[in-house]
Trainee: 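Got a structure for you, written out below as structure tokens; questions coming shortly.
Only a predicted model underlies this, so the values are computations on that prediction, with no experimental measurement involved. Chain naming here is simple, since letters A, B, ... match the order of the sequence lines and numbering starts at 1 in each.
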Amino acid sequence: MQALISQVIGAALSEHGVAVDRGVHVEPARNPEHGDFATNAAMVYAKSSGQNPRALADTIVGYLSAENLPHFDHAEVAGPGFVNIYLKPSWLHDALRGVLTAGPEYGHATLGEHASINLEFVSANPTGPIHVGGARWAAIGDALANLLAAVGYSVHREYYINDAGAQMDLFGLSLQSYITGGEPPEHGYSGQYLADMATTYAAEGLPVDAPMEDIREWGYAQVMAALVQDFDRLGVVFDTWFSERSLHESGQVAEALTTLDDAGLCYEAEGATWLRTTDIGEERDRVLIRSNGTPSYLAADIAYHQSKFDRGFDHLIDIWGADHHGQVASLQFGTSAMGHASGEPEVLLGQMVTLLRHGEEVRISKRSGTLITLGELLDEVDPDAARLTFLLQSLDTTQSFDIGIVASQSMDNPVYYVQYAHARLASIARAAQAAGLSLSSIESLDLSRLDHERERELMAHLVTFPETLQLAAQSRAVHRVTTWVRTLAGLVHGWYHDCRVLTDDPQLSTARLALAEASRSVLANALAILGVTVPDRMERLDEHA
RNA sequence: GCGCCCGUAGCUCAGUUGGAUAGAGCAGCGGACUUCUAAUCCGCGGGUCGGGGGUUCGAAUCCCUCCGGGCGCGCCA
């Protein structure tokens, strides 16, 4: 409908001799008094057409009125030159029919044209449990994958295991000291999880005097197993766990280094090999091969992203913590030097999580061992509550995650508000079935009885779902879906309160049942994208709970 | 010093990519269950959109500048 109106106005302007070079924006009116849709086209093109905005708006109204648009009622000029478009209620009834017909597919799009995306997120050293910051990327990455899939991309979830390099040895030495009771290494890892691992190690009867390498590898396996388990609890499953070591062992890192060198982008100095990142305005060049002969993290990362392209992905997206911001340009430079489009990989930087407990900040540091792990978080906080909390905010804002609030005040957590809306609608469906009420064929439904203001608002919001998904996907902003679904839940609750579905008026009840089913379906669809459980019923809580 | 992000109600955050009277949740106060679930609904109070310039019909949104906060600026990852 929106697109159709935009098209008609565009054609009208062209016919009127106006060059339509900036598109025609038609948006749902925010205020019901402004009709169903509004456009600012008259103000945008006033200058180039040589007319004042209101006169041009009058012209547009004339065209619209003559056009015989479906469901068109009338249009009028408002304010400085807006054109407000009023449609007959039947347009929302038709739209609702469309929602029901599309079912679980409603809102899905073919924007991505099946292009394949490799989405990498969380990626960390396997030297300990994932912490709360990682949990944010896990929730967001998984939901973004769902979102991109919903608009037509083929998405692959990937976790890069940084199992090569000095940190692994430091981890091995640290664990060894816990096992032997010996001196811990300088700047080593510490924390309860290492003590627990040492206990397990002893319980399994493994040799205390084993070489560090063996202990390191044993610990690595332990950490990975725990990682998979924690992600599973959060509902996140990766398609690929990619080992950094494998890149070194297969020679792909060496290969990448050769390619970069052949392109003349490397030089040697101070015993090391450098990448000329100052060529792209970086402050300094970056080391590719250390003076001790080992490739740097950057070298492996360039090879890693090359491997993603080798595996056939059309586009790469990485979600990184903002503390890695400084590495983006070098990696992209390296990737483009390997022959790929500039801007690959697309790196989404997420701001940090400030962990609080009842308003008091908890400093997290993996090496100092004061971390709150994902597992510990999920011991205290319902996984759905955790996920939705992470999906509430934009990646660009630092998130305050108060464990105390998300756990203890779970009554007030938005996740239950949204889930409860679904449970209520599912409850209506059950009651309707018990009463022998069912939806006849969608085409023959008489929806004209849906004329309550609550119903108008609810239907009008359902209509914006497809656009919301597309905008959210294009801007990689999952939280927009969350915002949208919270609004939907609010509208559902309000409607539920004012508009009883099961009445002694069969036509009214049937029409309302259709709206309930459509709302339930879209709600379930949206929650599935967010990765939040969709309950058909929820237990009544105690008064004091 | 340089780069990125942020600053919106007491608190936590949205704000449809520049639109009409800036919103929600929580917290506070006051109302609504003989009903398909009250984990709900309704009402009230609460704002120099960090400050100042600029761009234009129109700015929370774009540009400049200052202030305040976070993160980074390793041959760690």
Side-chain angles (χ1 to χ4, degrees), chain A residues 25 27-31 33-34 38 40 43-44 46-47 52-53 78-82 84 123-125 127 162 164-168 170 187 244 270-274 282-284 286-292 294 296-298 300-301 321-329 349-352 354 359 392-400 402 405 409-414 416-417 419-421 423-432 434-435 464 467-468 471-472 474-475 479-480 482-484 486-487 490 492-494 496-498 500-503 509 512-513 516 537-541 545:
Chain A
H25 273 291
E27 55 184 36
R30 300 175 187 205
N31 187 333
E33 287 170 22
H34 298 152
N40 61 357
M43 291 178 287
V44 172
K47 192 167 278 182
N52 80 57
F82 289 102
N84 291 336
S123 298
N125 273 325
T127 54
N162 303 139
Q167 291 300 322
M168 286 305 287
L170 195 57
H187 306 299
E244 181 184 349
E270 301 165 47
T273 302
W274 300 74
E282 287 290 281
E283 281 179 24
R284 26 174 288 118
R286 308 276 170 179
V287 169
L288 285 173
I289 304 175
R290 304 183 183 100
S291 52
N292 69 5
T294 61
S296 67
Y297 182 82
L298 174 62
D301 213 18
D323 51 343
H324 292 87
H325 159 253
Q327 302 161 230
V328 176
L349 293 171
Q351 298 299 315
M352 309 277 87
T354 309
L392 240 27
Q393 296 180 27
S394 153
L395 272 175
D396 286 339
T397 60
T398 54
Q399 175 160 44
S400 329
D402 194 314
I405 288 175
Q409 295 192 355
S410 58
M411 293 265 301
D412 301 321
N413 191 298
Y416 301 111
Y417 183 79
Q419 288 182 322
Y420 184 48
R424 279 180 141 182
L425 295 172
S427 169
I428 289 174
R430 285 191 300 271
T464 62
E467 188 191 4
T468 299
L471 286 171
Q474 281 165 340
S475 55
H479 77 280
R480 285 187 176 206
T482 316
T483 302
W484 186 91
R486 289 175 77 185
T487 304
V492 165
H493 283 307
Y496 181 96
H497 188 266
D498 284 357
R500 198 182 157 74
V501 172
L502 301 179
T503 66
S509 292
R512 286 184 169 170
L513 183 60
R537 56 180 86 227
M538 288 169 79
E539 298 304 315
R540 192 190 294 263
L541 288 175

Trainee: Assign A:Ser394 to base, sugar-phosphate, or nothing according to its heavy-atom contacts below 4.0 angstrom with the strands shown.
Mentor: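 Contact class for A:Ser394: sugar-phosphate only.
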Trainee: Go ahead and write out RNA chain B as dot-bracket, 5' to 3': ( ) for pairs within the strand, [ ] for ones crossing earlier pairs, | when the partner sits on another strand, dots for unpaired; Watson-Crick or G-U wobble, both distances under 3.5 Å.
Mentor: (((((((..((((.....[...)))).(((((.......))))).....(((((..]....))))))))))))....
Trainee: Establish, with yes or no, whether the OP1 or OP2 oxygen of B:rA20 is under 4.0 angstrom from a side-chain nitrogen or oxygen of A:Arg30.
Mentor: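 Result: yes.
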Trainee: Strictly below 4.0 Å: does A:Gln167 bring a side-chain N or O up to OP1 or OP2 of B:rC76?
Mentor: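 No.
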Trainee: I want to confirm an ordering. Mapping A:Gln399 and A:Leu502 to their closest nucleotides on RNA chain B, which one lands closer to the 5' end?
Mentor: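 Checking each residue's closest nucleotide, the 5'-ward one belongs to A:Gln399.
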Trainee: Taking the side chain as every heavy atom from C-beta outward, state whether A:Gln351 and A:Gln393 have any atom pair closer than 4.5 Å.
Mentor: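 Heavy-atom side-chain distance check fails, nothing below 4.5 Å.
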Trainee: I'd like to compare against my own output: the B/S/- annotation of nucleotides 1-10 of chain B with a strict under-4.0 Å heavy-atom distance to protein.
Mentor: -BBSSS----
Trainee: Over all strands shown, is A:Ala78 touching base, sugar-phosphate only, or nothing at heavy-atom distances under 4.0 angstrom?
Mentor: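 Since a base atom lies under 4.0 Å of A:Ala78, the category is base.
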Trainee: Which listed nucleotide (B:rA77, B:rU16, B:rC71) is nearest to the side chain of A:Arg480?
Mentor: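 The listed nucleotide nearest to A:Arg480's side chain is B:rU16.
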Trainee: Side chain of A:Ile428 only, please: which of B:rU21, B:rC36, B:rA77 is the nearest?
Mentor: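 Comparing B:rU21, B:rC36, B:rA77 against the side chain of A:Ile428, the answer is B:rC36.
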Trainee: Hey, does the side chain of A:Arg290 come within less than 4.0 Å of B:rC76's phosphate (OP1/OP2), counting only N and O?
Mentor: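 Checking B:rC76 against A:Arg290, a side-chain N or O does come within under 4.0 Å of OP1 or OP2.
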Trainee: Which part of the nucleic acid, if any, lies within reach of A:Arg284 when heavy atoms closer than 4.0 Å are counted: base, sugar-phosphate only, or nothing?
Mentor: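 Sugar-phosphate only.
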Trainee: Check whether any side-chain N or O of A:Arg500 sits under 4.0 Å from OP1 or OP2 of B:rC41, and answer yes or no.
Mentor: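 For B:rC41, neither OP1 nor OP2 has a side-chain N or O of A:Arg500 closer than 4.0 Å.
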Trainee: Heavy atoms from C-beta onward define the side chain here; which of B:rG72, B:rU40, B:rU12 lies closest to that of A:Arg424?
Mentor: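 Selected nucleotide: B:rU40.
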Trainee: May I ask you to say what A:Asn40 touches in the nucleic acid, namely base, sugar-phosphate or nothing, with a heavy-atom cut-off under 4.0 Å?
Mentor: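 The residue A:Asn40 makes base contact.
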Trainee: Quote, to the nearest angstrom, the P distance that separates B:rG54 from B:rC5.
Mentor: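 Looking at atom P only, B:rG54 and B:rC5 are 25 Å apart.
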Trainee: Indicate whether A:His34 forms a stack on B:rA20; treat it as stacked only if centroid distance is below 5.5 angstrom and interplanar angle below 30 degrees.
Mentor: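 Per 5.5 Å and 30° rule: yes, stacked.
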Trainee: What nucleotide among B:rA77, B:rU16, B:rC36 has an atom nearest to a side-chain atom of A:Gln327?
Mentor: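 Shortest atom-to-atom distance from the side chain points to B:rA77.
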Trainee: Using a 4.0 Å heavy-atom cut-off, does A:Ala435 contact any base of the nucleic acid, only the sugar-phosphate backbone, or nothing at all?
Mentor: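 No contact at all - A:Ala435 keeps every heavy atom at 4.0 Å or more from the nucleic acid.
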Trainee: Give a yes/no on whether any side-chain N or O of A:Tyr496 is located under 4.0 angstrom from OP1 or OP2 of B:rC33.
Mentor: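 No.
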Trainee: Does A:His493 put a side-chain nitrogen or oxygen below 4.0 Å from OP1 or OP2 of B:rC42?
Mentor: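 Result: no.
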Trainee: Mind checking if A:His324 touches a base, just sugar-phosphate, or nothing, with heavy atoms under 4.0 Å?
Mentor: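 Base, at least one base atom sits under 4.0 Å.
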Trainee: Under 4.0 Å between a side-chain N/O of A:Thr483 and OP1 or OP2 of B:rA24, yes or no?
Mentor: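 The answer is no; no side-chain N or O of A:Thr483 sits under 4.0 Å from OP1 or OP2.
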Trainee: Hey, is A:Phe82 doing a stacking thing with B:rG19, by the 5.5 Å centroid and 30° angle criteria?
Mentor: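 Not stacked by the 5.5 Å and 30° rule.
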Trainee: Pick the P atom in B:rG47 and in B:rC11, then give their distance to the nearest Å.
Mentor: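 To the nearest whole Å, 12 Å.
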Trainee: Have a look at A:Arg486 and say if it touches a base, only the backbone sugar-phosphate, or nothing, with a 4.0 Å heavy-atom cut-off.
Mentor: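 Result for A:Arg486 = sugar-phosphate.
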Trainee: If you pin A:Lys47 and A:His497 to their nearest nucleotides in RNA chain B, which one's is more 5'?
Mentor: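 The answer here is A:His497.
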Trainee: Categorize A:Glu33 for me: base, sugar-phosphate, or nothing, with a 4.0 angstrom heavy-atom threshold over every strand shown.
Mentor: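 It contacts base atoms.
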